[in-house]
J.: 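Can you read through this structure? Questions will come right after.
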Amino acid sequence: MNQPKRYLITSALPYANGLKHIGHLAGAYLPADIYVRYLKAQKRDVVYVCGSDEHGTAIPIQATKEGTTAQAIIDKYHPIMEQNFKDLGIDFDIYHRTSDPLHHATAQEFFTKLNNNGDLEIKESDQYFDEQANSFLADRYIKGTCPNCGYESAYGDQCERCGKSLSPDELINPVSTLSGNTPIKKMTKHWYLPLDRHENFLREWILKEHANDWRSTVLGQCKSWIDGGLQARAVTRDLDWGVKVPLKEAEGKVLYVWFDAPIGYISATKQWSVNTGRDWKPYWEDKDTKLVHFIGKDNIVFHCLIFPVMLKLHGNILPDNVPSNEFMNLEGDKMSTSRNWKIEMQDYIDDFINKENGGTQMADVLRYYLTLIAPETKDSEFTWQGFQDANNSELVSIFGNYVNRSLVLMHKLCKGKVPPLHATALTDLDKATMEEVSKSKEKVEALLEQYKFRDALFEVINLSRIGNQYMQKKEPWIVAKQTGENGQPTIEAQESIDNTLHICLQLCANLAILINPFLPFTARKMCYLMKVVDKMLDWENAGKMKLLSVGYSLRPPELLFRKIEDTEIAYQLEKLRSAVVKRDTEAIKETIMEETKIETPNVKPEIVFDDFAKIDLKVGKIVSAEKVEKADKLLKLSVDLGFETRTIVSGIALHFKPEEIVGKQVTVVVNLAPRKMRGIESNGMILMAEDSEGKLHFINPETDINAGAGVS
RNA sequence: GGCGAGGUAGCUCAGUUGGUUAGAGCACAGGAUUCAUAACCCUGAGGUCACGAGUUCAAAUCUCGUUCUCGCUACCA
């Protein structure tokens with residue numbers, strides 16, 4: 001795209017169920033903010049929108065758990081998240097929320113238009129229903145045993161212990177969290193977005209048109225989804241928390257959170273329009289608008305496939321790019337909210353920015369390090385040691401020190417005023433250094449346009465490195481010793497000093513402009529020190545060497561950054577580790593409590609003896625065992641039952657090696673209907689017991705007895 | 001098992017369409033310097049480019065196989 005008329009930039013809407021960590025910050029917010037600040041410095045027409053995502057089932061569930069209301073939860077987190085972003089210099093034009101009536105109306109209009117145009121399908125299907133609570137159960141309202149790890153309190157959409165995503169049908173022994181009863185299946189009607197109808201469009205648009213300008217990680221994910229066969233996705237849910245489906249026959253249904261959340265970008269833009277009196281429509285409808293979504297890799301499918309289809313059907317523009325980041329690990333392990341392995345934005349703000357020796361410069365330090373290690377092409381690694389090193393040996397020693405020594409020298413050798421540039425005394429080095437400044441500007445600009453924030457930041461720091469080298473070669477403090485009879489530097493000496501510091505100071509001013517998108521607080525402090533207005537930071541000034549007027553007196557120098565001490569790093573590491581320990585002990589307590597609590601609902605409904613008698617149990621002996629190909633968890637067993645030897649497929653491969661179980665005695669359900677698994681017919685089932693850690697144990701007789709012995 | 005992304009110096013990462021001796025920053029070692037936050041500046045050491053084979057005059061780069069990490073997905077009675 002050539003220079004677009006206007007830009008609409010979005011960052012993924014954070015989910016309002018808790019505080020967000022620095023991985024989120026590095027993935028979706030900081031790069032977007034840098035890009036936006038750059039565009040705004042260019043005086044381009046740009047709106048940057050974001051807001052809290054406040055729907056979905058997790059929030060009402062959390063409310064029940066904490067004995068409060070869903071509204072109370074979102075009212076608690078929304079303002080904190082908004083303030084966190086502000087404290088870290090993420091400068092949205094609007095930070096909206098999806099619980100706002102304006103958003104509800106927008107999402108409903110969106111749904112209605114698609115539905116009226118025949119772009120949605122209606123399907124009836126069996127869903128879990130709680131008879132006592134008289135309500136359908138969203139995935140999160142069903143708990144049961146995880147088929148993957150055996151955890152007994154897995155949710156219908158995901159197991160919190162092994163992290164596997166599930167569907168309610170996969171759960172073993174599903175239980176409604178509303179009443180504790182076993183739910184029944186009941187017919188219900190839902191609206192679907194038939195993605196399969198748009199496969200050709202997506203293939204063409206993503207894999208051809210954007211084959212060269214989207215990141216390879218993004219393209220790969222999209223291709224994988226498209227090739228895997230797109231399916232219709234339910235747009236509605238049986239739930240009472242969310243945007244009501246605007247149809248009479250859809251009583252008790254809301255829009256599925258994935259459908260309403262991205263529409264939040266549009267409603268946020270509308271709210272911005274209300275606040276500013278500017279028209280929002282061109283930003284979503286005019287072809288000359290460049291729409292860019294900043295997200296983390298978990299969000300690729302929604303922003304590259306689903307939302308674009310929605311936008312196209314609704315008549316909106318499509319995103320020009322979706323620069324998704326990979327994940328940021330922390331000290332050798334994945335960041336995780338549930339395991340408490342994370343650094344929350346709030347924690348960083350409390351420990352660094354709000355401290356006595358902190359302040360906004362510490363916000364910039366985090367912005368610096370996170371940009372330096374941004375997971376642009378692959379997962380990256382946050383370490384506190386790396387954080388300290390980046391600050392102490394780059395920000396402090398290279399950048400901060402350069403600015404400081406320039407100002408200090410100017411005060412010592414040039415009487416606190418910007419010295420003149422003597423054209424006749426210019427050396428080749430002077431000229432070359434001045435050229436470097438405009439070269440830097442070009443590089444930074446080109447890299448930012450390509451969303452290469454890490455490289456762009458490196459170029460800025462490199463310019464301060466060039467400044468240090470230049471100053472070192474010119475040695476004005478040595479030249480100052482060439483004094484005349486009056487004890488003052490000779491005319492030639494003073495001219496050399498003037499030129500050196502003139503160039504050094506102009507370079508400082510350029511540094512302020514170039515660093516501004518990345519470290520906005522620092523850029524402003526530099527303006528203060530140089531006694532110029534913030535308007536100097538306009539991008540058009542970059543590359544120029546006449547930003548500071550000759551003879552202008554500047555303020556006494558102040559340090560831009562402070563060193564971070566080893567003790568601070570040690571404290572953070574300790575905090576991180578103890579948080580995990582704390583979380584573990586709490587988790588154990590919780591399990592113990594749940595185990596005692598769950599006992600009753602976990603017992604299945606009563607049966608009569610005849611029911612039990614229908615089950616034919618016999619003792620068998622495993623005579624051979626082998627792994628089933630193309631399946632991680634299946635073992636194909638031959639079991640001697642005395643009267644015959646049968647093939648039984650069992651999902652225990654993760655717990656036992658084939659060779660160690662040969663010869664074991666097992667209890668087998670003999671008269672279970674055969675079932676094919678991975679193409680192999682299984683004739684029976686091995687009984688297993690599972691301990692609290694999810695480990696499996698065979699149920700077998702105390703002593704070795706004959707195969708085929710009955711069990712009752 | 002399938003798909004996607006990765007594996008490059010002690011650490012964090014670049015390496016465009018195959019083309020001299022594989023790069024940067026940090027950390028490390030030596031030197032120089034003192035205007036500066038014991039900062040800066042110069043020099044240096046460091047890599048079998050995960051492993052194995054193939055294509056080619058030439059492979060970090062292309063092909064095939066193996067292996068490890070991360071993500072998605074399948075099997076799970």
Side-chain angles (χ1 to χ4, degrees), chain A residues 146-150 163-166 170 172 215-229 296-298 300-301 326-327 329 334 369 372-383 385-390 392-413 452 454-455 457-458 461-462 464-465 467-480 497 500-501 504 557-563 627-635 648-654 669 672-680 682 684-686:
Chain A
C146 171
N148 187 44
C149 71
K164 186 180 163 56
S165 51
L166 303 167
E170 296 177 81
I172 303 161
R215 290 184 179 167
S216 63
T217 48
V218 176
L219 287 169
Q221 276 285 313
C222 292
K223 188 170 184 308
S224 178
W225 274 85
I226 296 172
D227 288 348
K297 73 173 164 182
D298 50 337
I300 289 177
V301 60
E326 300 290 291
F327 287 155
N329 295 326
K334 280 185 283 186
Y369 183 54
L372 199 70
I373 60 164
E376 289 174 7
T377 56
K378 56 184 164 191
D379 290 355
S380 69
E381 177 90 15
F382 182 107
T383 62
Q385 183 66 56
F387 172 79
Q388 184 191 22
D389 285 348
N392 290 359
S393 53
E394 292 176 34
L395 270 187
V396 173
S397 301
I398 313 266
F399 189 97
N401 182 44
Y402 172 74
V403 173
N404 185 242
R405 70 198 291 214
S406 296
L407 292 175
V408 167
L409 266 180
M410 184 271 293
H411 278 277
K412 283 190 180 165
L413 303 179
K452 294 187 175 176
R454 203 170 46 194
D455 293 345
L457 178 57
F458 175 82
I461 298 301
N462 200 45
S464 60
R465 193 171 274 124
N468 275 326
Q469 290 163 353
Y470 169 72
M471 201 183 283
Q472 203 66 33
K473 284 178 190 151
K474 297 278 305 232
E475 314 184 290
W477 53 92
I478 303 282
V479 176
I497 293 169
T500 303
L501 282 159
C504 281
E558 283 173 36
L559 298 181
L560 291 177
F561 303 101
R562 70 168 176 88
K563 288 221 159 187
K627 273 216 71 180
V628 175
E629 288 208 1
K630 301 183 181 178
D632 291 347
K633 295 177 193 159
L634 299 184
L635 285 187
I648 296 176
V649 179
S650 184
I652 56 172
L654 292 180
V669 184
L672 193 69
R675 182 182 164 117
K676 270 198 171 180
M677 279 181 264
R678 278 276 142 190
I680 303 166
S682 178
M685 176 173 145
I686 312 273

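Residue numbers start from 1 in every chain, and the chains themselves are labelled A, B, ... in the order their sequence lines are given, proteins ahead of strands. Note that these values count all heavy atoms, side chains included, but never hydrogens, waters or copies made by symmetry.
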J.: Taking the P atom of each, how far is B/A5 from B/U16, in whole Å?
T.: 15 Å
J.: For B/G54, does the glycosidic angle fall within 90° of 0 (syn) or outside that (anti)?
T.: anti
J.: Which value, in whole Å, describes the distance between the C1' atoms of nucleotides B/G47 and B/C28?
T.: 16 Å
J.: With nearest nucleotides of RNA chain B determined for A/E394 and A/D379 from heavy-atom distances, which residue corresponds to the more 5′ nucleotide?
T.: A/E394
J.: Start with the C-alpha gap between A/N462 and A/R465, add the side-chain angles, then the distance that decides, and say whether side-chain contact (heavy atoms from CB on, under 4.5 Å) holds.
T.: CA-CA 5 Å; A/N462 200 45; A/R465 193 171 274 124; 3.5 Å; yes
J.: With rounding to the closest Å, how many angstrom separate the P atoms on B/C51 and B/U8?
T.: 10 Å
J.: Which value, in whole Å, describes the distance between the C1' atoms of nucleotides B/G23 and B/G46?
T.: 13 Å
J.: Classify the side-chain pair A/Q472/A/N468 by whether it contains a donor and acceptor separated by less than 3.5 Å.
T.: no
J.: For A/K474, is the NZ atom crowded, meaning more than 12 foreign heavy atoms sit under 6.0 Å from it?
T.: yes
J.: What string of B, S and - do you get for nucleotides 28-38 of chain B, 5' to 3', when a contact is any protein heavy atom under 4.0 Å?
T.: ------SBBB-
J.: Measuring to OP1 and OP2 of B/G6, would you say a side-chain N or O of A/S216 lies under 4.0 angstrom away?
T.: yes
J.: Please determine if A/E326 and A/K297 form a salt bridge, counting it only when a charged side-chain N lies under 4.0 Å from a carboxylate O.
T.: yes
J.: Distance check needed: B/G25 P versus A/F399 CZ, whole Å only.
T.: 18 Å
J.: Strictly below 4.0 Å: does A/Q469 bring a side-chain N or O up to OP1 or OP2 of B/C40?
T.: no
J.: Do the side-chain N or O atoms of A/K378 get closer than 4.0 angstrom to the phosphate oxygens (OP1, OP2) of B/G7?
T.: yes
J.: How long is the gap from CG on A/L372 to OG on A/S380, to the nearest 0.5 Å?
T.: 10.0 Å
J.: P atom, B/C57 versus B/C75: distance in rounded Å?
T.: 49 Å
J.: Measure from CZ on A/R215 to C1' on B/G71 and round the result to the nearest Å.
T.: 16 Å
J.: Would you indicate what A/K334 reaches in the nucleic acid, counting non-hydrogen atoms under 4.0 angstrom: base, sugar-phosphate, or nothing?
T.: sugar-phosphate
J.: Hey, does the side chain of A/T217 come within less than 4.0 Å of B/G6's phosphate (OP1/OP2), counting only N and O?
T.: no
J.: Could you give the distance separating B/U56 and B/U61 at their C1' atoms, to the nearest angstrom?
T.: 13 Å
J.: At under 4.0 Å, does any side-chain N or O of A/R465 touch on OP1 or OP2 of B/C40?
T.: no
